[in-house]
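Here the structure is laid out as C-alpha cells; the discussion comes afterwards.
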Amino acid sequence: MKRELIKYVLEREDYGAEVTVAGWVRTRRDSKGGFSFIELNDGSTLTGLQIIADGDLPNYESDVLRLSIGSAVRVTGILTESPAKGQRVEIKATEVEPFGLADPETYPLQKKRVSFEHLREIAHLRPRTNTIGAVARVRNALSYATHQFYQDRGFLYLHTPIITTSDAEGAGEMFRVTTLDPGSPPRAENGAVDYAQDFFGVPTFLTVSGQLNAEAYALAFDRVYTFGPTFRAENSNTRRHLAEFWMVEPEIAFADLNDNADLAEDYVKYLIRYVLEHNTTDIEFFNKWVDETLVDTLTGVAESDFERITYTQAIDLLEKADESFEFPVAWGDDLQSEHERYLTEQVIKKPVIVTDFPFDFKAFYMRRNDDDKTVAAMDVLVPQIGEIVGGSQREERLDVLADSMRIKGMDEDHYWWYLDLRRFGSVPHAGFGLGLERVVQFATGMQNIRDVIPFPRSPRNAEF
RNA sequence: UCCGGGGUAGCUCAGUUUGGCAGAGCAGCGGACUGUUAAUCCGUUUGUCGUGGGUUCGAGUCCCACCCCCGGAGCCA
C-alpha cells in the first residue's frame, strides 16, 4: 500500500483527500467524546501528525485503545483542517492498522524528557526521540551538503583504505587488524609475534586518516576528497572524542596554505548555511531546548569572515591577555584548549584560522616555511567546540621532506611510495581534515559527541 | 591516563553530615474529566541502595578494593 511521509502530508492543503501514513505512536489521548488523538511520527520531520481515531472504527476497542507510545501503526484517512490549536492539518482515520505494539510497562521511552546519558544506554531506541531524531536529520543534511559542495566544485570523491600499514602522522594509538589467534599467535625465533604469518604478512591497523592516499590522487585529479570512518585507539574520555568517527579530507593540487584556508572557510560556511536553510525546524528545536544562542551563533558564522592569524600572533595575543591560564603561554609550546577557546570566544568572537605553527610539534608532511622554524599548518577554531579543522600545505620538496622525516625519526623506506609523489611530477598541494561529528555538534549545540553519531564507539563502549 | 563529581523505584532525584522501619515527583496501572496536544484531577503498584569484602546488636549511611557514568585536562578531528 502506498504511504506518504508525514513531512509532506503536513505541507498539503487539499483537504478532503485520502492519505495513508505509517509510523510510531508518540502519544495517545482519549476523549470521552468517544474518540482518540494519536500523535504519529515517522522520522521524516520533527513534528508529528495528529490522527483522529473515532470510536466508530471497527477495531477501536480492540486496537486503537491499545496503541501506546512506541507502537507501530499504519493509518489511512481524510486530510482535514484541524479545528483546534496546535496543528493546521490532521487525519480523520478511516482505517487504523496496527503493527508491532509496545508494552508501556516495559517500553523504555516515555513522554517526558529523559537524560542523554540514559538514552545512550538505549541507543537502538533513541532515534525515536525528538532530539536524537533531529540530530540524525542534521547529520544527514551535513553529509549531503558535503558531497554537494565538493561535487559542485569538481572534486573527485575518493575511497581510501580502512586497513593500512602506515601510522599516517605518527601520532595517536591505532587499532590493530589481525587474523592471528590472540591466545597463541605464531612466534618468530626471537619470541616476538610473527606477523609474517598474519593475513597481510605485515602488521596492519585501522586508518587514522586517508590523507596520504588522498595526496596520491590529488596529484592526478587536481582536487579530491575523502569522506569515511577513521579510528583512534586513544584512551580519550571527553565529550569531544570518539574511537570511531567520520572525517572529510579534501586535498588540492597547485595550491598553498592560503588556498587551503579559503577552501576550509567556504566549506564550513556552506555547511552551516545549508542546515540553516534546509533544517529550519530542527535547528529551531535545538535553539529552544538545547542552546538558546544557537541560531545567532550559526548565523554569525555563516555571515562572518573568519579571522586569520599566525601562531606567532596568537602567542602575542595570549601573552597580552588579561587572563590567568592554567598552562603558561610560550612560543614553541602548542596552544592548549583554554588558549584556543580564549582566542575564538573572548578575543575574536568568531571562527579563527591559526596558521604557521612551530615545526617541532607538527607532523612530518607539513611544508616548512622559509624561516626554518615554522610549517604551513592551519587550525580552524570555532567557539564552544575548539578545533574543527586541522590541515596544512604539504611538503612537496623531496629533500626537505626526507630531512623532516629523519628529524622526526621516521622510516623512509616504509614511505617509499609517498616519497615517489615528490620524485615524479611534484607540485605544491594542501589539504585538511574536518571531523563530521564536531560539525554536527556545532550545528546542533549538542554538548556530547556521543549523542551526534548513531552508535558511538568510545573506551569501554561498543555494545550496539 | 590524571583531577573533580556521581551510581538509591522504569525515569529524574532527595536521604549519607550525626548508622536505627526505603522516600518524593514523573512514568505505568485503575477511575474521573476533556477537540486533546509535556493535558488535568483522584487512587495505586514498583527496590540486588553499582559490585565484592570488612566494622557493628544493626550499614543506603562508616572502612577497604574494584567496576561503571558524567564534567574538566591531556591526545586530536
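A, B, ... follow the sequence lines: proteins, then strands. Residue 1 opens every chain. FYI, side chains are in, hydrogens and waters are out, and symmetry mates aren't considered; it's all heavy atoms of this structure.
With A:Tyr365 as the partner, the side chain to side chain donor-acceptor pair (under 3.5 Å) test is satisfied by one option alone out of A:Arg394, A:Gln211, A:Glu395: A:Gln211.
Rounded to an integer number of Å, the gap from A:Arg120 CZ to B:U12 P is 12 Å. As rounded to whole Å, 9 Å separates atom P of B:G71 from atom CD of A:Gln447. Between the CG atom of A:Asn237 and the C1' atom of B:C75 there is a distance of 12 Å, rounded to whole Å. A:Arg240 places its CZ atom 7 Å from the P atom of B:G72, with the value rounded to the nearest Å.
At least one cation-pi condition fails for A:Lys408 and A:Phe364: the charged atom is not both under 6.0 angstrom from the six-membered ring centre and inside a 45 degree cone around its axis.
Out of B:C76, B:A77, B:G71, the shortest distance to the side chain of A:Met247 is found at B:A77. For A:Arg438, taking side-chain heavy atoms from C-beta onward, the closest of the listed nucleotides B:C76, B:U1, B:A73 is B:C76.
The partner of B:G35 is absent, by the rule that a Watson-Crick or G-U pair needs both atom distances under 3.5 Å. Base pairing analysis places B:G19 opposite nothing; no Watson-Crick or G-U wobble pair with both distances below 3.5 Å involves it. In this entry B:C75 has no Watson-Crick or G-U wobble partner, no candidate having both defining distances under 3.5 Å. Pair assignment for B:A65: B:U51, on the basis of Watson-Crick or G-U wobble contacts that are both within less than 3.5 Å.
Of the possible polar contacts, none joining the A:Gln393 side chain to the A:Arg367 backbone as a donor-acceptor pair under 3.5 Å is found. Under a 3.5 Å cut-off, the side chain of A:His339 and the backbone N or O of A:Ala314 do not form any donor-acceptor pair. With hydrogens and angles ignored, the 3.5 Å screen pairs a side-chain donor or acceptor of A:Lys269 with a backbone N or O of A:Ser304.
The C1' atoms of B:U46 and B:C29 are separated by 11 Å, rounded to the nearest whole Å. Between B:C33 and B:A38, the distance separating the two P atoms is 22 Å to the nearest Å. Between B:G52 and B:G15, the distance separating the two P atoms is 25 Å to the nearest Å. Taking the C1' atom of each, B:G7 and B:U51 are spaced 11 Å apart, rounded to whole Å.
The base of B:C70 is not paired with the side chain of A:Arg450 by any donor and acceptor separated by under 3.5 Å. Counting atom types as modelled, A:His241 pairs a side-chain N or O with a base atom of B:C76 as donor and acceptor under 3.5 Å.
Among the atoms of the strands shown, only primed sugar atoms or phosphate atoms (P, OP1, OP2) are found under 4.0 Å from some heavy atom of A:Ser115. Within 4.0 Å of A:Leu242, counting heavy atoms only, lies at least one base atom of the nucleic acid. Across all strands shown, A:Tyr107 has no heavy atoms under 4.0 Å from either base or sugar-phosphate atoms. No contact: A:Val439 has no heavy atom under 4.0 Å from any strand. Here A:Arg460 lies in heavy-atom contact (under 4.0 Å) with sugar-phosphate atoms only. Residue A:Gly433 is in sugar-phosphate contact alone, with no base atom involved, counting any heavy-atom pair closer than 4.0 Å across all strands shown.
Defined by atom type and a distance below 3.5 Å, a donor-acceptor pair is missing between the side-chain atoms of A:Tyr225 and A:Glu251. A donor-acceptor pair shorter than 3.5 Å cannot be found between the side chains of A:Asp262 and A:Asn260.
A salt bridge does not link A:Arg240 to A:Glu437: none of the charged nitrogens lies less than 4.0 Å from a carboxylate oxygen.
Looking at which nucleotide of RNA chain B each of A:Arg113 and A:Phe245 is closest to, the 5′-most match is held by A:Arg113.
Between A:Asn448 and the phosphate of B:G71, there is a side-chain N or O to OP1/OP2 separation shorter than 4.0 Å. When the side-chain nitrogen and oxygen atoms of A:Arg26 are compared with OP1 and OP2 of B:A38, none of them lie within a distance under 4.0 Å. OP1 or OP2 of B:G72 has at least one side-chain nitrogen or oxygen of A:Arg239 nearer than 4.0 Å.
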Once base and sugar-phosphate atoms are separated, protein heavy atoms under 4.0 Å mark nucleotides 23-36 of chain B, 5' to 3', with B, S and - as ---SSSS---BBBB
I would like to know whether A:Trp246 and A:Phe227 meet side chain to side chain contact (heavy atoms under 4.5 Å, CB included); could you show each step before the answer?
CA-CA 7 Å; A:Trp246 286 64; A:Phe227 183 8; 3.9 Å; yes
